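Residue numbers begin at 1 in each chain, while the letters A, B, ... track the order of the sequences. All values reported here derive from a predicted model rather than from experimental measurement.
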There are 2 protein chains.
Amino acid sequence: MIFAVRTTAGQEKNVAEMLASKVEREKLDVYSILATENLKGYILVEAENRGVVEELVRGAFKVKGIVPGTTSVDELEHLLTPRKLVEDIE
Amino acid sequence: MIFAVRTTAGQEKNVAEMLASKVEREKLDVYSILATENLKGYILVEAENRGVVEELVRGAFKVKGIVPGTTSVDELEHLLTPRKLVEDIE
């Protein structure tokens, strides 16, 4: 299940770095992490369930919360499309 | 431009964490980092150009190299599809 975690804008890679470290340290069931400037103020986390993500972000700096519900891979491509269109034009 | 960086299998999130840290520290033109267990032995890095990625991975542990050429968002969705199909069935 993919979840969108809200972060301070511009801090996406920093937050992803910190959460990746916590995943490894605490052996959390997190399978994927995506941080991209194309998605400002959010990182995407794929985890076994929402509880894992809640544990992951507990007490974390620059994390504002978890978006309700889940995100699909289709939505992800849609979110990344604008930049890709620019690349195609170039 | 999206590049695939080869990593030691199972170390994708660790390598992504380390490279994200380097990006912030050295102010490299890296816009996105994706580490997922659905893509074993690789992480995806979106950067201004290949030279930035070469600089990024220079001297990095558990990095085996950079795949020739670039990766598209379409390819990315294709790579992630098997797991998504499993989720749909579930």
Seminar exercise, completed: Correct closest heavy-atom pair for B/K13 and A/V30 would be NZ-O, 3.1 Å
For this session: Using a 4.5 Å cut-off on heavy atoms from C-beta on, say whether the side chain of A/E17 contacts that of B/V23.
Result: no
Exercise. Does A/K40 NZ have over 12 foreign heavy atoms under 6.0 Å away?
Worked result: yes
For this session: Enter the distance from B/T36:OG1 to A/I2:CD1 here, rounded to the nearest 0.5 Å.
Result: 8.5 Å
For this session: Would you mind telling me which of A/E12, A/E24, A/M18 has the largest number of heavy-atom pairs within less than 4.5 Å of chain B?
Result: A/E24
